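Right, one structure below, let's go through it.
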2 protein chains.
Amino acid sequence: MSNRDDIIKKLKSSGISPTSQRIDIAQILFAKPQHLSAEQILNKVNEESNSKASKATIYNTLGLFAKKGLVKEVIVDPSKVFYDSNVSRHFHFFNTDTGILTDIPDGAINVDHLPESPEGTVSTGLEVIVRIKNS
Amino acid sequence: MSNRDDIIKKLKSSGISPTSQRIDIAQILFAKPQHLSAEQILNKVNEESNSKASKATIYNTLGLFAKKGLVKEVIVDPSKVFYDSNVSRHFHFFNTDTGILTDIPDGAINVDHLPESPEGTVSTGLEVIVRIKNS
DNA sequence: TCACTTTTCTAGACTTTGTCTAACGGTATA
DNA sequence: TATACCGTTAGACAAAGTCTAGAAAAGTGA
């Protein structure tokens, strides 16, 4: 899923024109399931790939990917947003000592009896976070 | 629960010396169950109460209250932290259009089969957020 | 009460994440 | 070639929160 042509196909099928910066960012994100901050992605683009991308492009692209559902924003750390390349339903541990976000294994938690959204609103997502610290 | 003497008792019983700034902030917070940002609290202190408090004091005090368990930090909006005066277990709707945080009625959601924390860590809290938008 | 120590408070500088703007670049179409 | 159009860029800017150094308050013991 991480070779260039597949990435281009993936972007196109989401209605995103595959510019070189977007391809680079997508290749980094979709290399494996992971949780990266905008800053980490910026660094990786400018170190690992041959091309460069500006801060504004990183933010624009991540926002676009999130809007198109290619990536999920995870808001657990007051100081930065994480971008999760795994968009299927799953939940997270967040270690407040280390700042590291990890997945909760599938089936290890069960959420049901989901609430009706209030009048005039619709649900757009469910997030479950178990905060942990080093013992 | 919101008269001055009760507030002082509450602070003392949590091991917090009741300075006038802390009392003012606590009175605002504990007037009712609510979700306030640091900025809202800063404004309320300097408008509604007779005394003044600086930004640093607001942040120090909220951090202290959170550490002592008088208040719960809710991290849902990438741009600011909410402080929840209801510390009993309950979950939230977050409306991304309005930026308003509301409680999910008790019993409207069910979470069980909580996961084991990873080796070397302990759980410090569970958060469930249903993101909603205006329809 | 006084002298001393410790805690808390304050203004304002600073840091960091993220946004905005205005100019520039590449590509497609005619 | 002209002309749109979209994407990218550097850097200025905004806003939340942190830090620092000094001032004020509050506690402590005699």
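Each chain gets a letter, A, B and so on, in the order its sequence line appears, and its residues count up from 1. These numbers come from the heavy atoms of this one structure, side chains and all, not from hydrogens, waters or symmetry mates. No experiment lies behind these values; they were computed from the predicted model shown.
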#### Entry: Atom-pair distance (NZ on B:Lys52; P on D:dA24), nearest Å
18 Å

### Closest-nucleotide ordering on DNA chain D, the 5'-leading residue of B:Ser20 and A:Pro78
A:Pro78

### Query
Roughly how many Å is it from CZ in B:Phe82 to P in D:dA16, rounded to a whole number?
11 Å

### Task
Return the value, rounded to whole Å, for the distance between atom CD1 of B:Ile25 and atom C1' of C:dC9.
11 Å

### Message
Under 4.0 Å, counting only non-hydrogen atoms across every strand here, what does B:Ser37 touch: a base, just sugar-phosphate, or nothing?
### Response
nothing

### Query
If you check every side-chain atom of B:Thr19, which of D:dT8, C:dT8, D:dG17 has the closest atom?
C:dT8

### Message
Check this for me: A:Lys52, atom NZ, are more than 12 non-hydrogen atoms of other residues, nucleotides or ligands nearer than 6.0 Å?
### Response
yes

### Query
Less than 4.0 Å between a side-chain N and a carboxylate O, is that true for B:Glu127 and A:Arg131?
yes

### Query
A:Ser79 near the nucleic acid: base, sugar-phosphate alone, or nothing, with a heavy-atom cut-off under 4.0 Å?
sugar-phosphate

### Message
Taking the nucleotide of DNA chain C with the nearest heavy atom to each, does B:Gln21 or A:Lys80 sit closer to the 5' end?
### Response
B:Gln21

## Note on the structure
Assign each of B:Glu39 and B:Ser17 the nucleotide of DNA chain D bearing its closest heavy atom; nearer the 5' end lies the nucleotide of B:Glu39

## Note on the structure
One should read off an interatomic distance between A:Asn95 CG and A:Ile100 CD1, to the nearest 0.5 angstrom, of 7.0 Å

#### Entry: Distance, rounded to the nearest Å, where B:Leu42 contributes CG and C:dC9 contributes P
14 Å

### Ring-face cation of B:Lys10 near B:Phe30 (centre distance under 6.0 Å, axis angle within 45°)
yes

### Task
Grab the CD1-P distance between B:Ile58 and C:dG12 for me, whole Å please.
17 Å

### Message
Connecting only ILVMFWY residues whose side-chain heavy atoms lie within less than 4.5 Å of each other, what is the rest of A:Val128's hydrophobic cluster?
### Response
A:Phe91, A:Phe93, A:Ile104, A:Ile109, A:Val111, A:Leu114, A:Leu126, A:Val130, A:Ile132, B:Phe91, B:Phe93, B:Ile104, B:Ile109, B:Val111, B:Leu114, B:Leu126, B:Val128, B:Val130, B:Ile132

### Message
Here's a test for you: under side-chain contact (heavy atoms from CB on, under 4.5 Å), which of B:Leu64, B:Thr19, B:Thr61 qualifies with B:Ile25?
### Response
B:Thr61

### Message
Between C1' on D:dA21 and CG on B:Asn60, what's the gap in Å once rounded to a whole number?
### Response
14 Å

## Note on the structure
B/S/- along nucleotides 19-30 of chain C (protein heavy atoms under 4.0 Å) is BB----------

### Query
When rounded to the nearest 0.5 angstrom, what distance separates CD1 in A:Ile28 from CD1 in A:Ile23?
12.5 Å

### Message
Rounded to whole Å, how long is the line connecting atom CG of B:Leu62 with atom P of D:dT18?
### Response
10 Å

### Task
Please state whether the phosphate of C:dT10, meaning OP1 or OP2, lies under 4.0 angstrom from any side-chain nitrogen or oxygen of B:Thr57.
yes

### Task
Grab the CD1-C1' distance between A:Ile75 and D:dA16 for me, whole Å please.
15 Å

